[in-house]
Amino acid sequence: MNSPLRARLDALAWENQFFGVNSAIVRFADDAGELTAEQLAAYGRVQAKIPAHRADLLNALQQFGFKLVEGEVDLVLSVGTENAASSVVVAQAADVPVLREMAAQVFTQSRFRAPWYRPADSGRFYAQWVENAVLGKFDHQCLLLKKGDEIQGFVSLRQLNEREARIGLLAGRGAGEQLMHAASLWCQQRGLATLRVATQISNTAALRRYIQSGATVDSTAFWLYR
């Protein structure tokens, strides 16, 4: 089956190695050829992310057998003059085992969940993410909120360009406000004006926290899998 969808398929090398799957992602481009069922059939799983308002893309992908996995909200915050809690410190390699365990327990419901992935895959993925953040891979740094020697929460951050940064992971029951302040200060120290963060549409607690911290919705999207 052919469609008017112009896109290419890019193999997801890191995810394929990590999860042991053969998957790709749809990259929409006006100069690409038309997407075909034969191209899709070469992969065991294909992902697509589309703007939530693009009903035409949603309908076309569903004709190829794509199913809705989750909605995503991207928020943006203008960095102000917040002060971070004195108990916020930069995570070190020695913190990795505890952080991996925390991430595996917190991030169990993501787009890497069953039935598309094995039940433990989501937690395993985010455990690796936080370890990489501590080591400065992908995200540039991970900040910890501590009470004594106990880690109460963490936030990972990545500088996108000379003006913007993005929160990768944020976790800590009751610690969201302090962690958002810490993220803003991290941006201030680097001369960055904008902080971005994304979350699932269904994660109303995170949405409330980000909005209460001054963030506004910048865009919404849908993730679909085939």
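We number each residue from 1, following the sequence as shown.
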Flag, side chain of [X] to backbone of [Y], donor-acceptor distance under 3.5 Å:
X	Y	answer
Gln92	Ala94	no
Gln39	Thr36	yes
Asp218	Leu77	no
Asp95	Ala91	no
Asn203	Gln200	no
Ser156	Leu169	yes

Can you find a heavy atom in the side chain of [X] that is under 4.5 Å from one in the side chain of [Y]?
X	Y	value
Val130	Phe107	no
Asp74	Arg166	yes
Cys142	Leu144	yes
Phe222	Glu70	no
Thr216	Leu75	no
Asp139	Asn132	no
Leu143	Val90	yes
Val46	Val26	yes

Charged tip of Arg6 within 45° of Phe28 ring normal and under 6.0 Å: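 Arg6 over Phe28 ring: no.
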Cation-pi check, Arg111 onto Phe125 ring (under 6.0 Å, within 45° of axis): no
Check ion pair Glu131-Arg100 (N to O, under 4.0 angstrom):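 Counted as a salt bridge, because a side-chain N and a carboxylate O are separated by less than 4.0 Å.
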Lys49 bridged to Glu72 by N-O distance under 4.0 Å: yes
Under 4.5 Å between side-chain heavy atoms, hopping through other hydrophobics if needed: is there a path connecting [X] to [Y]?
X	Y	value
Val76	Val73	no
Val217	Met180	yes
Leu99	Leu135	no
Leu160	Ile167	no

Polar contact flag, side-chain donor to acceptor under 3.5 angstrom, Glu15-Gln47: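 Looking only at side-chain atoms, Gln47 and Glu15 do form a donor-acceptor pair, the distance falling under 3.5 Å.
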So, taking the atom named [atom1] in [X] and the one named [atom2] in [Y], what distance separates them when rounded to the nearest 0.5 Å?
X	Y	atom1	atom2	result
Leu58	Gln63	CG	CD	10.5 Å
Tyr43	Asn16	OH	CG	8.5 Å
Thr199	Leu170	OG1	CG	9.5 Å
Leu195	Arg163	CG	CZ	13.0 Å
Leu179	Ser184	CG	OG	11.0 Å
Phe138	Arg158	CZ	CZ	3.5 Å

From CA spacing to verdict: side chain to side chain contact (heavy atoms under 4.5 Å, CB included), Arg209, Glu177: CA-CA 7 Å; Arg209 164 42 50 208; Glu177 182 177 7; 3.8 Å; yes
Audit row: Thr108, Ser122, side-chain hydrogen bond (donor to acceptor under 3.5 Å, both in side chains) steps and yes/no: CA-CA 5 Å; Thr108 57; Ser122 181; over 6 Å; no
Parallel, tilted or perpendicular: rings of Tyr126 and Trp129 (30°, 60°):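 Correct class here is parallel.
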Which atom of Ala48 lies closest to which atom of Leu61, heavy atoms considered: CB-CD1, 3.8 Å
Trace of the ring pair (Phe, Tyr, Trp, His ring centres under 6.0 Å) decision for Phe66 with Tyr225: CA-CA 5 Å; Phe66 281 82; Tyr225 291 167; 8.7 Å; no
Audit row: Trp116, Phe112, ring pair (Phe, Tyr, Trp, His ring centres under 6.0 Å) steps and yes/no: CA-CA 7 Å; Trp116 304 102; Phe112 299 110; over 10 Å; no
Derivation of the side chain to side chain contact (heavy atoms under 4.5 Å, CB included) call for Glu164 and Gln159: CA-CA 6 Å; Glu164 296 182 318; Gln159 184 170 339; over 6 Å; no
Step-by-step side chain to side chain contact (heavy atoms under 4.5 Å, CB included) determination, Gln188 to Leu192: CA-CA 6 Å; Gln188 291 173 38; Leu192 307 177; over 6 Å; no
CD/Gln212: more than 12 non-hydrogen atoms of other groups inside 6.0 Å: yes
More than 12 heavy atoms of other groups within 6.0 Å of Arg190 CZ: yes
Side chain to side chain contact (heavy atoms under 4.5 Å, CB included), paired with Gln178, selected from Leu145, Val155, Val88: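 Of the listed residues Leu145, Val155, Val88, the side chain to side chain contact (heavy atoms under 4.5 Å, CB included) partner of Gln178 is Leu145.
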Side chain to side chain contact (heavy atoms under 4.5 Å, CB included) between Lys146 and Val89, intermediate numbers included: CA-CA 8 Å; Lys146 301 185 77 173; Val89 297; 3.6 Å; yes
